[in-house]
Amino acid sequence: MTIIAVDGPAASGKGTIARALACHYGLPCLDTGMLYRAVGLSVLKAGGDPDQEADALGACDFDESMLDDPALRSEAVGSLASRVSVHQSVRQSLIKRQRDFATQPGGAILDGRDIGTVIAPDADAKIFVTASVHIRAQRRYSDALAHGGHPDMDSLIADIQARDTRDMSRDHAPLRTADGADLLDTSDLSIEAAIQRAIALVDAQLEGRRKV
Ligand code: CDP
């Protein structure tokens with residue numbers, strides 16, 4: 001069984017890298033941010049307050065079909081996800097599902113914020129993907145343009161900074177580089193180069209584990 005943990009801040013490229021690794025190693029992949037996004041969107045739909053722990057916890061038994069809702073991908077729902085994810089009980093209620101996915105026969109790849117630190121601290125390989133705030137905002141800008149949106153660079157930068165601050169400073173499972181993780185800064189890398197680098201880092205970690 002091979003478990004690969006991919007963590008990092010918003011728009012760092014971790015989702016793209018996790019999917020490419022899944023394809024390369026033939027493993028199933030879970031974007032754990034979608035679970036927090038589904039909780040965030042459910043709170044909104046129920047008219048609740050994402051900052052209230054009881055409201056956020058009540059939204060954790062969201063309908064499975066919500067995971068296919070395209071609205072989950074929006075920047076607004078990303079912020080809601082970041083707000084509901086500070087609550088300990090919300091994180092706790094999503095742990096089993098993530099651990100079950102990680103420990104399925106053959107293994108899996110999960111991407112998120114706390115995969116290498118909390119969900120799968122014994123993962124066979126761990127990568128922390130990052131990039132400068134400006135580059136990450138630029139990527140969100142290009143994505144939004146490509147999808148017919150009218151993005152504003154200053155508000156994208158402010159949103160990313162606010163999300164980084166909230167994710168890194170929360171009490172429970174804050175975003176940080178896990179012990180044993182390799183750092184992959186994608187600021188100056190093309191998607192293809194970032195993927196090749198990620199594969200090289202994972203190969204080296206898997207090889208290192210085989211030797212011990
Ligand atoms: O795609 P992007 O990196 O913008 O965000 P995401 O991975 O979909 O995660 C949305 C929010 O959910 C993050 O800002 C985190 O606050 C939260 N999250 C978390 O707390 N733990 C995870 N394992 C995944 C996401």
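Atoms within a ligand are numbered from 1 in the order they appear, just like the ligands themselves.
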| query | Does a sphere of radius 6.0 Å around CZ in Arg73 hold more than 12 heavy atoms from other residues, nucleotides or ligands, not counting ones at 6.0 Å or beyond? | reply | no
| query | So which of Ser12, Ala18, Gly33 gets nearest to atom 25 (C) of ligand 1, if we judge by its closest heavy atom? | reply | Gly33
| remark: For Gly112, the ligand 1 atoms with a heavy-atom partner under 4.0 Å come out as 23 (N), 24 (C)
| message | Would you say Ser42 and Arg37 are linked by a side-chain donor-acceptor pair, where the criterion is simply a distance under 3.5 Å? | response | no
| Quick one: does Lys14 get a heavy atom under 4.0 Å from ligand 1? | yes
| field | Heavy-atom closest pair, residues Ile3 and Ala120 | value | CG2-CB, 4.0 Å
| Residue Ile191 excluded, over 12 heavy atoms near CD1 under 6.0 Å | no
| field | Closest candidate by heavy atom, reference atom 2 (P) of ligand 1, pool Met34, Arg140, Arg136, Arg73 | value | Arg140
| query | Below 3.5 angstrom, do we get any N/O pair linking Tyr36 and ligand 1? | reply | no
| If you measure from each non-hydrogen atom of Ala11 to ligand 1, which part falls under 4.0 Å: side chain, backbone, both or neither? | backbone
| For Asp61, does the CG atom sit with more than 12 other heavy atoms under 6.0 Å from it, leaving out its own atoms? | yes
| Taking only heavy atoms of Arg91, which atoms of ligand 1 are found under 4.0 Å from at least one of them? | 19 (C), 20 (O), 21 (N)
| With a cut-off of 4.0 Å, which atoms of ligand 1 are near a heavy atom of Asp167? | 13 (C), 14 (O), 15 (C), 16 (O)
| Does the side chain of Arg113 come under 3.5 Å of the side chain of Thr32 through a donor N or O and an acceptor N or O? | no
| said: So if I count the atoms of ligand 1 from 1 in the order they appear, which ones are less than 4.0 Å from some heavy atom of Ala81? | reply: 10 (C), 11 (C), 12 (O)
| task | Using a 4.0 Å heavy-atom threshold (strictly under), name the region of Arg113 that reaches ligand 1: side chain, backbone, both or neither. | result | both
| field | Note, Tyr25 side chain near Ile4 side chain (heavy atom, < 4.5 Å) | value | yes
| query | What residue and atom, counting heavy atoms only, is the protein's closest point to atom 1 (O) of ligand 1, and at what distance? | reply | Arg37 NH2, 3.5 Å
| query | Heavy-atom distance under 4.5 Å between the side chains of Gln205 and Asp124, does that happen here? | reply | no
| query | Which residue owns the protein heavy atom closest to atom 24 (C) of ligand 1, what's the atom, and how far is it? | reply | Thr32 OG1, 3.5 Å
| message | Heavy atoms only, cut-off 4.0 Å: how does Arg166 contact ligand 1, side chain, backbone, both, or neither? | response | neither
| query | Is Arg83 near ligand 1, meaning one of its heavy atoms is under 4.0 Å from it? | reply | no
| task | Would you kindly specify which portion of Ser85 sits under 4.0 Å from ligand 1, judged on non-hydrogen atoms: side chain, backbone, both or neither? | result | side chain
| task | Within a distance under 4.0 Å of any heavy atom of Arg163, pick out the atoms of ligand 1 and give their elements. | result | 4 (O), 5 (O), 10 (C), 11 (C), 13 (C), 14 (O)
| query | Backbone or side chain, does any N or O of Asp31 fall under 3.5 Å from an N or O of ligand 1? | reply | no
| said: Check this for me - ligand 1, Gln98, N or O atoms closer than 3.5 angstrom, yes or no? | reply: no
| field | Cluster link Tyr36 to Val77, ILVMFWY, side chain under 4.5 Å | value | yes
| said: Checking Arg163 against Ser82: is there a side-chain donor and acceptor pair closer than 3.5 Å? | reply: no
| query | More than 12 non-hydrogen atoms from neighbouring residues, nucleotides or ligands closer than 6.0 Å to CZ on Arg197, yes or no? | reply | no
